[in-house]
Amino acid sequence: MFKSGKLSELKAVVHFTSQDDNYPASNLVNYKLNRCWKCSRGESATGRASVTLELSSAVFVQEIGITNAGSAFIQVDGLVSEGSTPVPLLPMKPLMSEAECRGDPATSDAFTSTRTYTRADFASNSFRRFKHLVVTVMQPFKLGLQFGLGRLTVKQPTFANKIHNNSPSLSDPSKWVCFCYTPV
């Protein structure tokens with residue numbers, strides 16, 4: 001659908017459910033450190049952790065790139081503004097199979113694999129501007145293992161801002177265009 005995209009900057013961590021002091025959630029925002037975010041050892045027994053990230057501006061999401069750090073599943077929801085109702089963006093997707101999860105993190109590439117999700121993977125009602133992303137990762141197969149994300153990148157379509165900013169206001173009926181189709 002889109003031939004190119006523009007990277008969107010992750011501005012800040014708004015909230016997280018768990019983090020290890022050696023692998024804080026802020027590593028996702030400052031990706032130049034090349035360090036991951038992982039849940040704390042005590043919290044890893046729940047098998048679930050999440051982080052809410054603020055984008056530098058509200059964007060349409062074209063693509064999400066994920067570098068895994070031991071998570072079995074990922075889910076991403078979008079927020080139009082802080083405190084708004086979450087909108088499913090990327091429904092729960094596997095990052096590893098159950099067999100890979102039960103393997104040795106030190107020797108398995110699956111624990112640090114990279115995946116890219118595009119509009120085809122997203123929920124059908126997700127084409128809207130999001131200011132925040134709620135990223136939830138799960139590891140139900142190897143409880144006690146620290147897990148999280150190595151990196152998260154967000155791409156927006158290069159033309160999205162032009163279309164949105166140049167489109168007529170829907171509140172001004174004089175700018176509406178109507179097309180009618182009459183079957184013969």
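One-based numbering along the sequence shown. Given the structure is predicted, the values throughout are model-derived calculations rather than measurements. In what follows, every heavy atom counts, from backbone to side chain, and hydrogens, waters and symmetry copies are set aside.
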Hey, can you pull the donor-acceptor pairs under 3.5 Å for the side chains in residues 89-101, sequence neighbours left out?
{"unit_1": "S97", "atom_1": "OG", "unit_2": "E100", "atom_2": "N", "d": "3.1"}
{"unit_1": "S97", "atom_1": "OG", "unit_2": "E100", "atom_2": "OE1", "d": "3.4"}
{"unit_1": "E98", "atom_1": "OE2", "unit_2": "R102", "atom_2": "NE", "d": "3.3"}
{"unit_1": "E98", "atom_1": "OE2", "unit_2": "R102", "atom_2": "NH2", "d": "2.7"}
{"unit_1": "E100", "atom_1": "OE1", "unit_2": "S97", "atom_2": "N", "d": "2.8"}

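Take D21 and apply the side-chain contact (heavy atoms from CB on, under 4.5 Å) test, not counting sequence neighbours, and it matches no residue. Every residue two or more places apart in sequence or in another chain that forms a side-chain contact (heavy atoms from CB on, under 4.5 Å) with E63 is listed here: T116, T118, K155. Applying the side-chain hydrogen bond (donor to acceptor under 3.5 Å, both in side chains) rule to T67 yields the partners T114; only residues at least two apart in sequence or on another chain are considered. In this structure Q19 satisfies the side-chain hydrogen bond (donor to acceptor under 3.5 Å, both in side chains) test with no other residue, sequence neighbours excluded. Listed by chain and number, the residues in a side-chain hydrogen bond (donor to acceptor under 3.5 Å, both in side chains) with T136 amount to none (sequence neighbours excluded). Residues satisfying the side-chain contact (heavy atoms from CB on, under 4.5 Å) test with T17, not counting sequence neighbours, are H15, A49, S50. Residues meeting the side-chain contact (heavy atoms from CB on, under 4.5 Å) test with C36, sequence neighbours left out: Y23, K38, A69. Legend: residues meeting side-chain hydrogen bond (donor to acceptor under 3.5 Å, both in side chains) with T112, ordered by chain and number and at least two apart, are absent.
Note on residues 78-87: no pairs pass side chain to side chain donor-acceptor pair (under 3.5 Å), not counting sequence neighbours.
Applying the 4.5 Å side-chain rule to ILVMFWY residues, one finds L79 in the same cluster as V134.
In this structure, T46 contributes its side chain and R48 its backbone to a donor-acceptor pair below 3.5 Å.
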